Amino acid sequence: MNVKTMAQWAAEGTAPDILFWVGCAGSFDQRAQKVTRAFAQILDAAGVSYGILGAEEMCTGDPARRAGNEFLFQMMASQNIAVLNGYEVKKIVTTCPHCFNTLSNEYPELGGKYEVVHHTTLLQQLINEGKVKMKEGGSFKGKRITYHDSCYLGRANQIYEAPRAVLEALDAELVEMKRCRSNGLCCGAGGAQMFKEEEKGDTRVNWERTKEALETQPAVIASACPFCNTMLTDGVKVNEKETEVQVLDVAELVAQSLA
């Protein structure tokens, strides 16, 4: 897979339509790297012109701000904005709701104003335009899929329909958990919780959420966030259901179903 960086595009005197913001998880976490590759595969298949920052991309600063280190957040954000503005980036797509929320809602006040799209929204658009086509009787036809709403995608940014529309295009049976959409339960990793020790209690948040997902008797638990994916995968393992239930990103489901 050959993905051009923005520096390579600039050296050729051109620019892509979209910058793919890979994010820390998508770059360094082995599980999330599979989602990055799946999404890049879809963009290639759809003929979308895109580039990445590569080594010039830093963390958006989201975990730093959530953990209370405002100085570090502003330092990282300012450096990213300088790079993005240097390439005159107009449109950004990302597979991480945390990156999406920060780039979309928090960078403008620091001078970084871009059209930011979550990958599920772009996938829905590409499917509607006929640029992404699913094969007949695909891998997930008729299978029960339950979708977990990421906090930063759902409650924070009101994106509920796009991921569900993409899943429905797979010709699968979409089943909802009792707590979904605006009433969805956090996976337990948000607000920089991913990087701190557990607090005292009877059960972990991700175990509770996975239990709700498993109650729908799914073949697949779908997510649209690398952190949710990690937490739900852990919950499935705790319940010893990893041979029966898969935890997959929406992009992976689409990539496996491409015509």
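Everything numeric in this text was worked out from a predicted model, so none of it was measured.
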Pair [X] + [Y]: basic N to acidic O under 4.0 Å:
| X | Y | answer |
| --- | --- | --- |
| Glu208 | Lys211 | no |
| Arg144 | Glu244 | no |
| Arg65 | Glu70 | yes |
| Arg31 | Glu252 | yes |
| Glu173 | Lys141 | no |

Inter-residue atom distance Thr216.OG1 - Tyr147.OH, 0.5 Å rounding: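 One finds 14.5 Å between OG1 of Thr216 and OH of Tyr147.
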Does the pair Val117 and Lys91 meet the rule for a side-chain contact (heavy atoms from CB on, under 4.5 Å), with working shown? CA-CA 8 Å; Val117 182; Lys91 186 173 182 178; 3.8 Å; yes
[X] side chain to [Y] main-chain N or O, any donor-acceptor pair under 3.5 Å?
| X | Y | result |
| --- | --- | --- |
| Glu115 | Ile92 | no |
| Thr14 | Ala10 | no |
| Tyr160 | Leu153 | no |

For atom NZ of Lys241, is the number of surrounding heavy atoms from other residues, nucleotides or ligands below 6.0 Å larger than 12? no
State, without any angle test, whether Asp62 and Tyr152 hold a side-chain donor-acceptor pair at a distance under 3.5 Å. no
Indicate whether the side chain of Trp207 and that of Asp234 have a donor and an acceptor atom separated by less than 3.5 Å.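 Side-chain D/A pair, Trp207 to Asp234: present.
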In a check of salt bridge (Lys or Arg N to Asp or Glu O under 4.0 Å) between Asp149 and each of Arg209, Arg179, Arg164, which one passes?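 Among Arg209, Arg179, Arg164, the one meeting salt bridge (Lys or Arg N to Asp or Glu O under 4.0 Å) with Asp149 is Arg164.
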